Amino acid sequence: MMEETRDFIRQIIDEDVKQGRYGGRVHTRFPPEPNAYLHIGHAKSILLNYRIAQEYGGKFNLRFDDTNPQKESAEYAEAIKEDLRWLGADWEDREFYASDYFEQLYVWAEKLIEKGKAYVCDLSPEEISETRGKAIRDGDRVITPPGTDSPYRERSVEENLELFRNMRAGEYADGAKTLRAKIDMAHPNLNMRDPVMYRILHAAHYRTGDAWCIYPTYDWAHGQCDAIEGITHSICSLEFENHRPLYDWFLEQLGVHHARQIEFARLNLTHTVMSKRLLLRLVREGHTDRWDDPRMPTLIAMRRRGYTPEAIADFMNRVGVSKSESVVEHALLEHCVRQDLNLRAPRRLAVLDPLRVVITNYPEGQEEMFDAINNPEDPAAGTRKVPFSRELYIEREDFMEDPPKKYFRLAPGREVRLRYAYFIRCEEVVKTPDGRITELRCSYDPTTRGGDAPDGRKVKATLHWVSARHAVCGVARLYEHLFGVENPLKVEEGQDWIDNVNPEALVTVPDCMLEPSLAEVEPGQRFQFERKGYFCVDPDSRPGAPVFNRTATLRDTWQKLRARNAT
RNA sequence: UAGGGCGUAGCCAAGCGGUAAGGCAGCGGGCUUUGGACCCGUGAUCGGAGGUUCGAAUCCUCCCGCCCUAGCCA
């Protein structure tokens, strides 16, 4: 029997459960700051935390880390909840906010002051930075000197208590004072050099309004929030590893529940960027339309583009969890959507770049219906009727006047199959005076009705097509990688990563010819346009004027062959 | 520089002292009324150097490379 491979986090939890740590309880959480939309990197964390809770029969909380009123909003919080719901991560009734704990955190802060473990400091941000042991350049060496004590470090408990209360009461200007933990200014871990716990900020908070003018820092809040909620395993990304000793110190001083923090490497993907700051710039400068522009790696955008939560979950599964920083190839993500959509997306015939074909020996005015299979992977999906007539559209790239070797499609004198219909042969090419091909005149073989020749002769290609008279016109938005290079942030000195934005990441095709069944579609519906890719109906669609977003292309060995020979 | 981490095939990633799983990509082939899907085949001695051991990717030592922190952001 194959042993299931368990990632290092699950191995740690297995052990904790076995040892009876936390009474065998497992309780995780996802702690977003409501200051931006979630991207696929967040999905890794969400699914990891949610699944672990499920697997161990534990609980999963959603907690908004809203300790910075200047950046956060209810709008973002709502969008984040929608993303979690879409992914299927159910926090049940456990929707929490760090801001709900402000009073408790304040009480705990006074407790630290009383213990002589925190003090009010009058140093400016610059002064604090200086005295914390700012890195110094010494020739080509960098030295990190020990920090020096703040002159306010030895204030009495009484004075600190009074000053801190005055801070809360709003007696000081923004930035005039801070509450700092009294730890060790010479500590090798910079986070332990008397970190700031509270800053004065006369700013309205989207949930607590003007109730507070001092706000806890993330470092002071996070561990205690976990403690309040009884979190057992506080899973976070690598950059917080350095902060763990500080969290440990706070919790120990307070003598409260202590979650076990486990850090993992966040997800990185090729051909895109994955930080809120960078994504924000793309939106602000108009390189993409909004957060839900299907070129974006945000969940709201991927949803619009046609990705399924199942594909994303499968992707996370395959990527795994570890501590080594890595960059996953976008191709793996694409593989996962294709795999999922292949099984469930109904097939349709759609011509993206139409070339008119006239079947010269097909009676004018005649038409007939062919049965088309909705999904060869799913017999239960049944069949549908597709109309055929004398004038059709085929894909422009499915014809070449002077085809290279290995090109199997239509060419002068060559015979191919029209899917579900007939064999046709190209008899004549009609062009404009300047050489542009406007029409193909072909003949069909009536005995090949349905697509098989009674004499057993074979064709090397099967083309998709749409009857001109019955075609529905629609828009297709063809998406490519947002960036043309694997690592957009890798730029020459003086260059801007934004220049790596791929101008062809979106190509809009205004006049696709679609089979009639595509006239009535609902936003969010997904299809496979045979031989072209997976497409999802965009909310911009109007009755009779559908708009489709290309989720992913199909694997295309011909394209690959061509690309290889071109280079 | 200090402190904290990471280093297994092109990209992820198992492995936890007994002689390198799996996936993606690539390549080759089969099948095919989607050049889709599906099926088959194909690659590494584990950052480097020493050492311990009958035996090391796994233990020890040293070295190299990369990342994180040095916000009153999270």
Side-chain angles (χ1 to χ4, degrees), chain A residues 2-3 5-7 11 31-33 35 65-68 70-71 121 123-125 128-129 132-138 141-147 174-175 177-180 187-193 195-201 214-215 217-219 221-222 237-245 263 265 270 276-277 317-336 338-339 342-343 347 349 373 376-377 406-409 417-421 450-452 459-464 486 528-533 553-561:
Chain A
M2 255 293 258
E3 279 266 327
T5 68
R6 295 177 78 65
D7 58 70
Q11 288 181 31
E33 183 189 11
N35 70 341
D65 253 321
D66 52 355
T67 55
N68 184 353
Q70 295 177 313
K71 293 184 178 173
C121 180
L123 257 26
S124 69
I128 289 182
S129 174
R132 280 185 97 189
K134 213 175 179 177
I136 296 170
R137 255 224 146 71
D138 175 22
R141 298 184 5 158
V142 181
I143 306 253
T144 308
D174 285 3
K177 286 177 166 47
T178 57
L179 182 73
R180 292 227 257 161
H187 198 106
N189 181 335
L190 288 322
N191 292 121
M192 300 297 271
R193 322 248 262 220
V196 171
M197 296 164 62
Y198 275 93
R199 70 282 208 179
I200 300 172
L201 227 47
I214 57 172
Y215 289 94
T217 58
Y218 176 85
D219 278 349
H222 197 79
S237 43
L238 253 28
E239 67 266 33
F240 293 106
E241 207 151 17
N242 295 326
H243 297 242
R244 193 172 6 133
E263 308 85 6
T270 60
K276 291 179 179 178
R277 206 185 83 246
N317 248 177
R318 293 173 190 250
V319 166
V321 186
S322 77
K323 294 193 72 161
S324 56
E325 289 176 61
S326 55
V327 185
V328 178
E329 290 177 343
H330 200 273
L332 179 60
L333 216 207
E334 284 167 33
H335 169 81
C336 294
R338 288 195 190 106
Q339 183 116 329
N342 175 48
L343 298 177
R347 315 287 128 122
L349 301 182
I373 295 166
E377 306 294 331
K406 301 265 184 85
Y407 183 87
F408 304 150
R409 282 108 99 146
R417 170 169 42 232
L418 293 182
R419 179 140 233 226
Y420 301 123
D452 280 307
V459 288
K460 297 191 87 170
T462 300
L463 310 186
H464 60 283
E486 282 200 0
Q528 183 201 92
F529 290 170
E530 293 207 22
R531 305 207 304 136
K532 299 302 326 179
T553 59
L554 255 29
R555 274 186 70 215
D556 190 341
T557 39
W558 164 241
Q559 196 80 271
K560 209 185 302 180
L561 244 177

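Numbered from 1 within each chain, the chains take letters A, B, ... in sequence-line order. Computed from heavy atoms alone, side chains included, the values below leave out hydrogens, waters and symmetry copies. The structure displayed is predicted, hence computed values, not measured ones.
- Between the CG atom of A:L418 and the P atom of B:rU34 there is a distance of 13 Å, given to the nearest Å.
- A search for salt bridge (charged side-chain N to carboxylate O under 4.0 Å, His left out) contacts involving A:R347 returns nothing, not counting sequence neighbours.
- The separation between A:D452 atom CG and B:rU32 atom C1' is 12 Å, rounded to whole Å.
- Remark: B:rG3 base-pairs with B:rC68. Criterion, Watson-Crick or G-U wobble with two distances under 3.5 Å.
- Among the atoms of the strands shown, none is found under 4.0 Å from any heavy atom of A:R193.
- The ring-ring contact (aromatic ring centres under 6.0 Å, His included) check on A:H330 picks up A:H481, with sequence neighbours excluded.
- Take the nearest nucleotide of RNA chain B for A:L238 and for A:R417: the residue whose nucleotide is more 5' is A:L238.
- Residues passing the side chain to side chain donor-acceptor pair (under 3.5 Å) test with A:S237 are A:E239, sequence neighbours excluded.
- Heavy atoms of A:R409 sit under 4.0 angstrom from at least one base atom.
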Sort me out a list of protein N/O and nucleotides 38-47 of chain B N/O pairs below 3.5 Å, or just none if empty.
none

Can you build the contact string for nucleotides 7-14 of chain B? Use B for base contact, S for sugar-phosphate-only contact, and - for no protein heavy atom under 4.0 Å.
---BSSSS
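- When both pairing distances are held under 3.5 Å, B:rC46 makes no Watson-Crick or G-U pair with any nucleotide shown.
- For A:Y218, the side chain to side chain donor-acceptor pair (under 3.5 Å) criterion is met by A:H222, not counting sequence neighbours.
- In this structure, A:K460 places its NZ atom 13 Å from P of B:rC31, rounding to the nearest Å.
- The distance from atom CG of A:L343 to atom P of B:rG36 is 16 Å, rounded to the nearest whole Å.
- When the P atom is compared between B:rU53 and B:rG10, the two are found 34 Å apart, to the nearest whole Å.
- For B:rG41, the paired nucleotide is B:rC27, the pair qualifying as Watson-Crick or G-U wobble because both relevant distances are below 3.5 Å.
- Side-chain atoms of A:S324 and A:S326 form no donor-acceptor pair, as typed in the model, at a separation below 3.5 Å.
- Counted by atom type alone, A:R417 and A:T462 present one or more donor-acceptor pairs between their side chains at under 3.5 Å.
- The nearest whole Å value for the distance from the CZ atom in A:R347 to the C1' atom in B:rA37 is 8 Å.
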Spell out protein contact along nucleotides 69-74 of chain B as letters: B when the base is contacted, S when just the sugar-phosphate is, - when no protein heavy atom is under 4.0 Å; keep the 5' to 3' order.
BBSBSB
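- A:H335 pairs by the side chain to side chain donor-acceptor pair (under 3.5 Å) definition with A:Q339, not counting sequence neighbours.
- Applying the salt bridge (charged side-chain N to carboxylate O under 4.0 Å, His left out) criterion to A:R132, with sequence neighbours excluded, gives no partner residue.
- Following rounding to the nearest Å, A:R338 (CZ) and B:rG23 (P) show an atom-to-atom distance of 18 Å.
- Qualifying salt bridge (charged side-chain N to carboxylate O under 4.0 Å, His left out) partners for A:R199, counting only residues two or more places apart in sequence or in other chains: none.
- Scanning for salt bridge (charged side-chain N to carboxylate O under 4.0 Å, His left out) contacts around A:D7 gives A:R10, with sequence neighbours left out.
- With a cut-off of 3.5 Å on both pairing distances, B:rG17 has no Watson-Crick or G-U wobble partner at all.
- A:Y420 is linked by a ring-ring contact (aromatic ring centres under 6.0 Å, His included) to nothing, counting only residues two or more places apart in sequence or in another chain.
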